[in-house]
Amino acid sequence: MLNKNKFRLVTNILAGAIKLWLRTQVSNIEQLQIDIQATASQIFSGRIPSVSIVAKSAVYQGLHLSFVDLVAKNIRINIGSILKGEQLKLLETVPVFGELSQQEADLSASLSSTLLSTTLNDVLVKLLSEHDPNSKSTTSWQKVTIKKGEIVIYAIREEENHFQPLDICIGLNLLSPHELRIAPIKVTKDTITLFESTDGEYIDLGSDVEIQDLQLLPGKLLIRGLINVNP
């Protein structure tokens, strides 16, 4: 039977491997806390019933997350290789339940990410194509404010050395666990409305994502749900 000191050593090695693996998935993470819920026999079989992870100021693919609280269940890992000093690898898909939040400042910082800026540019071109079909403008995303039930994105549109401020006001609703509805949408330039719709746009999150709750609170975006992390 493994004594307490050896068990503690093994769990410390495993916690270190998990932290190292997490740091390979993100470009920045602070105040990372990990709690492993497993017996000695479960750890040495490479099957971990539960791991909880709490982190602040994480950056994933350019997306700034203020706070992350996750619980991963039924994890199968390469424990033998980890004890030899090798990197942790997932051997099966892991369901991760959790809560994340973004403050206004973090969401504004995320505007420079390729993922978010490309999405916003594609949406804006689609919305304004009828208003200005021949436009060769470029858009610089400035900042975000979060109000109750809506997000306002501020941008500057440049066309032939003319700069125009744009305000894009959107509602964000959970249509199903796998789909978001962006509605209503209103795009204004100064006081002129360029586009307005209550029909909205739809975002398919994919089968690996299951959102249970989404809230737009003053100054904060809060999301609770599940995501499958694949090997």
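The CD atom of Gln164 lies 11.5 Å from the CD atom of Glu158; values are rounded to the nearest 0.5 Å. Here the straight-line distance linking atom CZ of Arg23 with atom CD1 of Ile18 works out to 13.0 Å at 0.5 Å rounding. The structure places CG of Leu180 at 7.0 Å from CD1 of Ile182, a figure rounded to the nearest 0.5 Å. Here the CG-OG1 distance, from Leu166 to Thr139, works out to 6.5 Å after rounding to the nearest 0.5 Å. In this structure, OG1 on Thr114 lies 10.5 Å from CG on Asn121, to the nearest 0.5 angstrom. One finds the CD1 atom of Ile53 at 4.5 Å from the CG atom of Leu22 (value rounded to the nearest 0.5 Å).
Leu205 and Val209 get closest at one heavy-atom pair: O-CG2, 3.6 Å. The shortest heavy-atom contact between Leu111 and Gln142 is CD1-C, 3.8 Å. The minimum heavy-atom distance linking Ile43 with Ile79 is given by the pair O-CG1, 3.3 Å. Pairing each heavy atom of Glu179 with each of Tyr202, the nearest pair is OE2-CB, 3.6 Å. The two residues Ala183 and Asn173 make their nearest non-hydrogen contact at O-ND2, 3.0 Å. Nearest heavy atom pair, residue Ala38 against residue Ile48, reads CB-CG2, 4.0 Å.
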For this session: Go through the steps to decide whether Gln103 and Ser101 satisfy the test side-chain hydrogen bond (donor to acceptor under 3.5 Å, both in side chains), and finish with yes or no.
Result: CA-CA 7 Å; Gln103 303 288 341; Ser101 66; 5.0 Å; no
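Judged by distance alone, with hydrogens and angles left aside, the side-chain atoms of Gln102 form no donor-acceptor pair with the main-chain N or O of Leu100 at under 3.5 Å. When atom types are taken as modelled, the side chain of Asp213 and the backbone of Arg224 share no donor-acceptor pair closer than 3.5 angstrom. His178 places no side-chain N or O within 3.5 Å of a backbone atom of Asp204 that could act as its donor or acceptor partner. At distances below 3.5 Å, at least one donor-acceptor pair connects side-chain atoms of Ser108 with backbone N or O atoms of Val144.
Take Ser113 and apply the side-chain hydrogen bond (donor to acceptor under 3.5 Å, both in side chains) test, not counting sequence neighbours, and it matches no residue. With sequence neighbours excluded, the residues satisfying side chain to side chain contact (heavy atoms under 4.5 Å, CB included) with Lys147 are Thr145, Glu150, Val152. Checked against salt bridge (charged side-chain N to carboxylate O under 4.0 Å, His left out), Asp190 has no partners two or more places apart in sequence or in another chain. Residues forming a side chain to side chain contact (heavy atoms under 4.5 Å, CB included) with Gln87 (at least two apart in sequence, or on another chain): Trp21, Thr24. Legend: residues meeting side chain to side chain contact (heavy atoms under 4.5 Å, CB included) with Asn74, ordered by chain and number and at least two apart, are absent. With sequence neighbours left out, the side-chain hydrogen bond (donor to acceptor under 3.5 Å, both in side chains) criterion links Asp69 to no other residue. Residues satisfying the side chain to side chain contact (heavy atoms under 4.5 Å, CB included) test with Val59, not counting sequence neighbours, are Ser27, Asn28, His64. Legend: residues meeting side-chain hydrogen bond (donor to acceptor under 3.5 Å, both in side chains) with Ser52, ordered by chain and number and at least two apart, are absent. The side-chain hydrogen bond (donor to acceptor under 3.5 Å, both in side chains) check on Glu104 picks up nothing, with sequence neighbours excluded.
You'll find the side chain of Trp141 reaches within 4.5 Å of the side chain of Ile168, heavy atoms only. Residues Ile77 and Leu14 meet the side-chain proximity criterion, which asks for heavy atoms closer than 4.5 Å. Two residues are said to be in side-chain contact when any heavy atoms from C-beta on lie closer than 4.5 Å; Pro184 and Ile170 fail this criterion. Inter-residue side-chain proximity for Asn228 and Pro95 is flagged as met; some heavy-atom pair is nearer than 4.5 Å. Side-chain contact check for Leu226 versus Val96: every heavy-atom pair is 4.5 Å or farther apart. In this structure the side chain of Lys186 reaches within 4.5 angstrom of the side chain of Thr193, judged on heavy atoms.
The closest side-chain donor-acceptor pair between Ser66 and Asp106 falls under 3.5 angstrom.
Val68 and Leu20 fall into different hydrophobic clusters, where Ile, Leu, Val, Met, Phe, Trp and Tyr residues are linked whenever their side-chain heavy atoms come under 4.5 Å apart, directly or through other members. Residue Ile75 is not grouped with residue Val71 when hydrophobic side chains (ILVMFWY) are merged at heavy-atom distances under 4.5 angstrom, including chains of intermediate members.
Leu222 belongs to no multi-residue hydrophobic cluster, having no ILVMFWY side-chain contact under 4.5 Å with any other such residue. Apart from Phe163 itself, the hydrophobic cluster it occupies contains Ile156, where clustering links Ile, Leu, Val, Met, Phe, Trp and Tyr at side-chain heavy-atom distances under 4.5 Å.
Pairs engaging residues 34-50 under the side-chain hydrogen bond (donor to acceptor under 3.5 Å, both in side chains) rule: Asp35-Gln37, Thr39-Ser41, Thr39-Gln42 [sequence neighbours left out].
Heavy atoms of other residues, nucleotides or ligands lying less than 6.0 angstrom from CZ of Phe67 number more than 12.
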